[in-house]
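So the structure is just underneath, and the comments pick up after that.
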Amino acid sequence: MKAPPFAYRRVASVAAASALLREHGDGARLIAGGQTLLATLGMRLSEPSLLIDIRGIAEMQGIAVTGGHLRIGALARHVDVERSALVAQHLPLLSLAAPHVAHAAIRNRGTFGGSIAFADPAAEWPACAVAADAALVLSDGTTSRTVEAADFFLGLYQTDLRPDELITAVRFPLPGRHRRFAFTELARRHGDYATVGLALAGDWVEGRLHDPRIVYFGVGGTPVRAVAAEAALAGGRAEPETLERAVAELGGELSPSGDLYTSAATKLHLAGVLLRRGIQSLIPGEGQT
Amino acid sequence: MTDKILVNMTVNGMVCERWIEPRLHLGDFLREELGLKGTHLGCEHGVCGACTVVVDDEIVRSCLTLAVQADGAMVETIEGKSESGALRDLQDAFLERNALQCGFCTAGLLLTADALLQAEPEADRARIRDHISGNYCRCTGYHAVVDAIETVGRQRRSGGRGHRHE
Ligand SMILES: Cc1cc2nc3c(=O)[nH]c(=O)nc-3n(C[C@H](O)[C@H](O)[C@H](O)COP(=O)(O)OP(=O)(O)OC[C@H]3O[C@@H](n4cnc5c(N)ncnc54)[C@H](O)[C@@H]3O)c2cc1C
Ligand code: FES
Ligand code: FES
């Protein structure tokens, strides 16, 4: 599978990338890690006339803690997130999820921002961003704005990104000391896109779960927050009856579509399985608080 | 607009400079421009891992890397890694354990396995399986591959053949 012909330019700033996007309109595509884009070009799903390589943009690199946030530069690669001590310390949700993002060789090139921008409905990072209340920093090089992850994913591969904007960074508020996270997914082959996956967050205070986030991926066009299931669990001790009530709520809020391998009914069943597993690993074991 | 671009990279220790089309991926560059046919192309969309090569000390899919993106990089293929003896222990173990039949997947699996053992020679079978999950083998059923990698991990831990960086 060979890509159609295109021109190739490297840029060193967000402003330069954005200017090229404005100049070339729909004919241009940004390329970050290329781990999705190059596969789709091979399949000729699109035929851009220009690829704008953004990997050299300094302001979009790095992982750092600043001003009460963990900031992940859009160009941080999956492997950088996977190995980051800062991430493990402040936002273990991402460390738990990283090994599930594609395979080692792909994690060496694919980027955090690329995954969020592409917004595959079965991808890990968009769901983690929603579950951890992240905000996305979007910029055209002149004006930058911040959009909550929960508002960014609009539909299947549809996001709030404007045609001449880049995601420059993702900002996660530093979780309080009671915040806990869990991550679990089912895939046909380790590293493949999930059949169904779940990112969980919640405060565990004196044996009760507060302010939970239950965010599924692979069950709709975007990450799906299961608000009724959250309400069923909020303030409670997550004992088996409560958990079953939360699982029962999923039927009303998830409407997965079946695919080649998994029917919609199976996906819904698996979502319940994951919730039981996820809550179990979210709450501390006996004797811990 | 789609004019050729001059790239300069070091492949298996040799500096090479070529004018190439931007759409040429690194796998085709290595095979067609440099004649290094040890890098195999299976799916050409990132799924099978047969095209794995090492770029700046990290494994990547050569079918999902444009050759122009490897401008200035250090690229190593199965040819270079074989010649230097860096994979000798893995190659011997694959042979001994019947971890290859047709051999189509082997170059990619060797480089992928070596990347794991350099970082984690203590990797257990489950870890090995996770790490090679992106490499399809249609012949062996993987069991023998995991056997071979596990054996070499043990050898390298006890200071046997093969090498470790760092
Ligand atoms: C076999 C295989 C399995 C995979 N499995 C998984 C998986 O299980 N989970 C998963 O999440 N992903 C998976 N991926 C995809 C991988 O994670 C990609 O790396 C990721 O989705 C895209 O990141 P990228 O940097 O490679 O983006 P690119 O391919 O370079 O770009 C993707 C799209 O995003 C746009 N873009 C990139 N960066 C930005 C930015 N900063 N601002 C605005 N737009 C931008 C590009 O224009 C393009 O349209 C898999 C890929 C393959 C080939
Ligand atoms: S040929 Fe590159 S992954 Fe299959
Ligand atoms: S030995 Fe034939 S594909 Fe692996």
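All figures in this text were calculated on a predicted structure; none of them were measured in a lab. Each chain gets a letter, A, B and so on, in the order its sequence line appears, and its residues count up from 1.
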What part of A:Leu37 lies closer than 4.5 angstrom to a heavy atom of chain B: side chain, backbone, both or neither?
-> neither
Before accepting this row, confirm whether a basic side-chain N of the pair A:Arg77/B:Glu58 lies closer than 4.0 Å to the acidic partner's carboxylate O.
-> yes
So, A:Asn108 side chain and B:Ile59 main chain: donor-acceptor pair closer than 3.5 Å or not?
-> yes
Test: A:Arg189 cationic atom under 6.0 Å from B:Tyr136 six-membered ring centre, within 45° of axis | yes
Between A:Met43 and B:His45, is any pair of side-chain heavy atoms under 4.5 Å apart?
-> yes
Okay, B:Leu66 and chain A: the region with an atom under 4.5 Å from a heavy atom over there is both
Taking every heavy-atom pair that is under 4.5 Å apart, which of B:Cys43, B:Cys63, B:Gly134, B:Ser133 has the most such pairs with chain A?
-> B:Ser133
Assert top hit (heavy-atom pairs under 4.5 Å, partner chain A, pool B:Leu41, B:Asp28, B:Asn135, B:Thr112) equals B:Asp28
Between chain A and each of B:His25, B:Gln69, B:Arg129, count heavy-atom pairs under 4.5 Å; write down the option with the most.
-> B:Gln69
Verify, without hydrogens or angle tests, whether B:Arg23 (side chain) and A:Phe6 (backbone) share a donor-acceptor contact under 3.5 angstrom.
-> no
B:Arg61 side chain near A:His103 side chain, heavy-atom distance below 4.5 Å = yes
Taking atom CD of B:Glu32 as the centre, does the number of heavy atoms from other residues, nucleotides or ligands within less than 6.0 Å exceed 12?
-> yes
Chain B interface, residue from A:Gly33, A:Pro99, A:Pro5 that has the most non-hydrogen pairs under 4.5 Å = A:Pro5
